[in-house]
Amino acid sequence: MPIASSTATSGRLLALLSMLQVRRDWPGGLLAERLGVSERTVRRDVDRLRELGYVVHAVKGPDGGYRLEAGSEVPPLLSDEEQAIALAVALRIAVGSGAGIEEAAARALVTVRQVLPARLRRRVDALEITAVGSAGPQVDTDVMLALTGAVRAREEVRFDYRSPGRPDDTGPRPPRRVQPHHLVVRAGRWYLVGWSPEHEDWRTYRADRMIPRTPNGPRFTPREVPGGDVAAFLSARFKGTDRDAWPCAGEVVLHLPLAEVAPFAGDGLAEEVGPATTRLVTGSWSWAALAARLARFGTDIDVVAPQALRDAFAELSVRAARAATG
């Protein structure tokens with residue numbers, strides 16, 4: 001009997017904590033109704049949460065109740081099963097995020113695993129999460145916090161920027177200025193997307209190359225990135241165009257089965273034509289680059305369109321012949 005009672009109390013504490021986290025104020029009567037207990041029991045459970053380190057304030061008045069505030073110390077982890085699994089997944093992803101928190105995330109994952117019940121620990125251990133591709137350059141945690149804080153506060157940031165191929169000792173330079181709108185990760189690298197008042201245009205910066213200066217600049221009114229989708233906007237910038245499409249796109253038939261083409265089609269469209277032929281529609285930043293990209297399949301290629309791609313293959317063949325005899 002005591003064991004069952006303890007289990008019920010623990011489950012009720014978890015439910016109470018979850019409820020307090022989803023809204024600012026909870027009337028005591030409503031909490032009691034949701035939990036199926038008396039208001040006196042709610043008061044006792046609130047006292048137990050306080051003993052565990054959670055700061056729960058009593059709100060006076062006719063609609064008085066309880067409010068959960070941030071405490072001065074980190075309280076013990078209390079989660080339901082779904083939250084525990086979600087936390088473990090997030091920590092495993094964070095280990096390879098390049099956000100400068102890999103070591104802390106790995107230690108936190110170990111801590112979380114140790115406090116889980118055996119059945120949940122088995123589920124967490126069964127998770128197989130593999131990062132595709134190599135992790136990008138690590139971003140200092142302080143830089144991440146400074147940038148995310150500026151995005152939330154809508155404050156202009158001033159920063160120094162280490163441009164690739166340029167030495168750091170080229171003399172003092174004025175700080176760059178940008179109105180930060182989004183901090184996003186793409187292919188293992190973190191990028192800040194913002195509006196430059198100086199250029200009156202959108203700019204993208206590698207977060208690992210940024211050195212923020214303090215204090216931040218003035219507040220700004222947020223804008224919407226072109227197209228309204230920051231992922232599509234960033235993808236288009238990397239493709240050298242104003243839209244999420246390659247500036248040079250073509251259609252070919254590769255003399256390979258679809259199974260051998262699909263894994264290397266990237267963002268192209270691959271479709272089976274026959275048992276040993278595949279239609280591929282793809283693009284690149286130039287016609288020469290597109291021809292070279294297709295040539296790496298190491299098979300016969302029939303160009304469907306456009307003529308510019310045929311011309312690029314002709315020029316590539318001349319250069320290849322010159323390289324072979326040179």
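As the structure is a prediction and not an experimental result, all values here were calculated from the model.
- Atoms CE and CE, from M144 and M210 in turn, are 11.5 Å apart once rounded to the nearest 0.5 Å.
- The hydrophobic cluster containing V253 does not contain F313, counting ILVMFWY residues as joined when their side-chain heavy atoms lie under 4.5 angstrom apart, directly or transitively.
- Shown here for A207 and L147, the closest heavy-atom pair between the two residues is CB-CD1, 4.1 Å.
- Side-chain heavy atoms closer than 4.5 Å link hydrophobic residues (I, L, V, M, F, W, Y) into clusters, and following such links, possibly through other members, connects F264 to L280.
- To the nearest 0.5 Å, the span separating CG on L294 from CG on L309 amounts to 6.0 Å.
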Could you go through D47 and R50, starting from their C-alpha distance and side-chain angles, then the distance that decides it, and tell me whether this counts as salt bridge (Lys or Arg N to Asp or Glu O under 4.0 Å)? CA-CA 5 Å; D47 288 338; R50 288 168 176 160; 3.1 Å; yes

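- With hydrogens and angles disregarded, no donor-acceptor distance shorter than 3.5 Å links the side chain of R67 to the backbone of L20.
- Distance CD/E155 to CG/N216: 5.0 Å, rounded to 0.5 Å.
- Around the CD atom of E33, the shell of radius 6.0 Å holds no more than 12 heavy atoms that belong to other residues, nucleotides or ligands.
- Atom OG1 in T204 sits 5.5 Å away from atom CG in L234 (nearest 0.5 Å).
- Residues V252 and D302 are not in side-chain contact: their nearest non-hydrogen atoms beyond the backbone lie 4.5 Å or more apart.
- In this structure the side chain of L35 reaches within 4.5 angstrom of the side chain of L16, judged on heavy atoms.
- No side-chain heavy atom of I211 sits under 4.5 Å from any side-chain heavy atom of Y161.
- Tracing side-chain contacts under 4.5 Å through hydrophobic residues (I, L, V, M, F, W, Y), one never reaches V281 starting from I301; they form parts of separate clusters.
- Partner of T148 under the side-chain contact (heavy atoms from CB on, under 4.5 Å) criterion, out of L183, V143, L192: L183 alone.
- To the nearest 0.5 angstrom, E271 atom CD is 10.5 Å from T277 atom OG1.
- The same ILVMFWY cluster, assembled from side-chain heavy atoms under 4.5 Å apart, contains both L30 and V37.
- T278 contributes atom OG1, which lies 5.0 Å from atom CG of L258 (distance to the nearest 0.5 angstrom).
- When side chains are defined from C-beta on, V42 counts as touching Y66, because their heavy atoms get closer than 4.5 Å.
- The side-chain heavy atoms of P197 and R177, taken from C-beta on, include a pair separated by under 4.5 Å.
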Carefully, step by step, assess R209 and D140 under the rule salt bridge (Lys or Arg N to Asp or Glu O under 4.0 Å). CA-CA 10 Å; R209 294 174 178 166; D140 186 88; over 6 Å; no

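- Under the 3.5 Å distance criterion, the side-chain polar atoms of T325 are matched with a main-chain donor or acceptor of A321.
- Contact annotation: the side chain of P212 never approaches that of V157 to less than 4.5 Å [non-hydrogen atoms, C-beta and beyond].
- In this structure the side chain of W202 never reaches within 4.5 angstrom of the side chain of S196, judged on heavy atoms.
- There is no path of hydrophobic side-chain contacts, each under 4.5 Å, that joins V303 to W246.
- Using a 4.5 Å cut-off on side-chain heavy atoms (C-beta onward), R213 and D160 make contact.
- Side-chain N or O atoms of R293 include none that pairs as donor or acceptor with a backbone N or O of T282 at under 3.5 Å.
- If you run ring-ring contact (aromatic ring centres under 6.0 Å, His included) between H181 and each of Y205, Y191, F220, only F220 comes through.
- R223 contributes no side-chain N or O that, together with a main-chain N or O of W195, makes up a donor-acceptor pair within less than 3.5 Å.
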